Amino acid sequence: MADTRPVIWWIRRDLRLRDNPALSAALETGAPIIPLYIHDPQDEGLGAAPKFRLGLGLERFAKALEGRGSRLTLRRGKALDVLRDVIAESGADQVVWSRLYDPEAIKRNSEIKEQLKADDITVKSTGGRLMFEPWTVATKEGGMYKVYTPFWKSVRDRGVDDLIDAPARLAKPEDWPKTDRLADYSMGAAMRRGADVVAPYCRVGEDAALEQLDDFLDDRVASYKTDRDFPARAATSELSENLAWGEISPHRMWHLGARAMANGKQGAEHFLKEVVWREFAYHLMYHSPQILTRNWREEWDGFPWQEDPGEALLRWQQGRTGYDFVDAAMRELYVTGKMHNRARMIVASFLTKHLMIHWKHGMQWFEDCLVDWDPASNAMGWQWVAGSGPDAAPFFRIFNPDGQLVKFDPKGRYVRNWIAEGQSDCPRTALDFYDAIPRSWELDPDMKRPEPVIDLKRGRERALEAYKDSRDTG
DNA sequence: TAGAGGTTTAT
DNA sequence: TAAACCTCT
């Protein structure tokens, strides 16, 4: 019977039941729904931490679906092949998904759409990941925005799609397609530091994310604007990993944030601005995908990055630069899969300026380590700090990691949380780092503080000079 | 979303 | 005498 043919809801980075237009589209068909996750080559190639975190998210999301009378079907292979297999097995004649915006996904999705339509399958792709589709935001001249503030001004008064409740239940097909077991995908296998170290620091799933947002907007948002720069204060929303995997929608953050603002909560507007930074990153990636791989500003192509970053890069990755703020942050990253925003700017500045190591090395390390990894935000962030990106800080805006410490960790609380050396009675977090490091790292067994990898003044001057030279000769 | 170094101002 | 302010990179 044609009207009982199921619809496939192809799930990617939208592990949520609320505010999910793809799910809404599936529900509107009135057909039984097959929620399908495809472990395709692109996802298999994810960095260690993102892949691990995706596994946690899928596990939780499968349970959420079961709570609504449904289940998650897991399959491995090239997306088009798998979709065709599941269509053949289930008799489905419709497929829905919510869009991704990186160039590979765009290319793949349009090919798949074309092929499935040729197979006489109804295909629908929806928004949901972003509040503002990148092609709907343009300057008066019709171009893309290259600077954040005008972008913000152009979107802040727009309407954002309404929130959508989770469905009470999802209609299920007569027979479920066969499914793989998530455990067989070994999503955490590449975690050299051990999945057990990172897992307790993760906040997994839609319910946890919504609770966290409520807590944040009830309480911490009031002091967000000032406290957000102090990494030892729990002042931020900490929702980046949930946003990255679609366990919460930016729409929900926007609407609840706007409500907090209307209720006079100081800091709420600043929070919304930060959510819109993510939209800006997607805007940039959509309109100039080369931001993922090349200097966004071509004049940077002549900059003399260190040719062999070897030892210095390793010390940066290991949190052994000898600078407290940098080392604390890099260890936080390794242990938790996350890093405070201010710390991200500082370690990125240190790598690209003081060490003169190409931003792509830092970007790749983050891509391997961050449970909240997002291609657009990562690339924009690195190029922004390096100075090669749009809306870039001028190159001479070089963070002094010790100066930043005085400003933003005056009591040394953040540093003590992450650096065990020299402390007789240190926090669990700092010990977690020593538990987590791979043997190959060969850290100092005597727990002595590392020597500075470079003199701050010398590093700064070297970078400024190199920049000047590359501009003069370039 | 910066830092350095100098100059002016407040106390 | 230190904090605030300014300018240049």
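These figures come from a predicted structure and were not determined experimentally. The chains referred to below are lettered A, B, ... by the order of the sequence lines, with proteins before strands, and numbering in each begins at 1.
Checking B/dG3, B/dA2, B/dT1 against every side-chain atom of A/Arg460, the shortest atom distance belongs to B/dG3. In this structure, the nucleotide among B/dT1, B/dA2, B/dG5 sitting nearest to the side chain of A/Lys457 is B/dG5.
One can place NZ of A/Lys273 at 9 Å from P of B/dT1, the figure rounded to the nearest angstrom. Atoms OH (A/Tyr467) and C1' (B/dA2) sit 15 Å apart, rounded to a whole Å. Regarding A/Ile346, its CD1 atom lies at a distance of 10 Å from the P atom of B/dA2, rounded to whole Å. For the pair A/Phe395 CZ and B/dG3 C1', the interatomic distance rounds to 13 Å; values are reported in whole Å. For the pair A/Phe399 CZ and B/dG3 C1', the computed distance is 10 Å after rounding to whole Å. Here the P atom of nucleotide B/dG3 and the CD atom of A/Glu465 are 21 Å apart, to the nearest Å. In this structure, A/His354 atom NE2 and B/dG3 atom C1' are separated by 10 Å, rounded to whole Å. Distance, A/Asp402 CG to B/dG3 C1': 13 Å, rounded to whole Å.
At a threshold of 4.0 angstrom between heavy atoms, the contacts of A/Ile398 are confined to the sugar-phosphate backbone, with no base atom among them.
By the 30° and 60° cut-offs, the orientation of the rings of A/Trp135 relative to A/Tyr101 is tilted.
For the pair A/Tyr334/A/Pro438, a side-chain contact is recorded, criterion being any heavy-atom separation below 4.5 Å from C-beta on.
Here A/Arg428 pairs with A/Asp435 in a salt bridge; the nearest charged N to carboxylate O distance falls below 4.0 Å.
Side-chain nitrogen and oxygen atoms of A/Lys407 include at least one within less than 4.0 Å of the OP1 or OP2 phosphate oxygen of B/dG3. In this structure, A/Gln404 reaches the B/dG3 phosphate: one of its side-chain N or O atoms is under 4.0 Å from OP1 or OP2. Between B/dA4 and A/Asn400, a contact under 4.0 Å exists linking OP1 or OP2 to a side-chain N or O.
Of the N and O atoms on the side chains of A/Arg416 and A/Gln423, not one donor lies less than 3.5 Å from an acceptor on the other residue.
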(message) ring pair (Phe, Tyr, Trp, His ring centres under 6.0 Å), that's the test. Do A/Trp382 and A/Phe366 meet it? Break it down for me.
(response) CA-CA 10 Å; A/Trp382 275 96; A/Phe366 272 30; 5.1 Å; yes
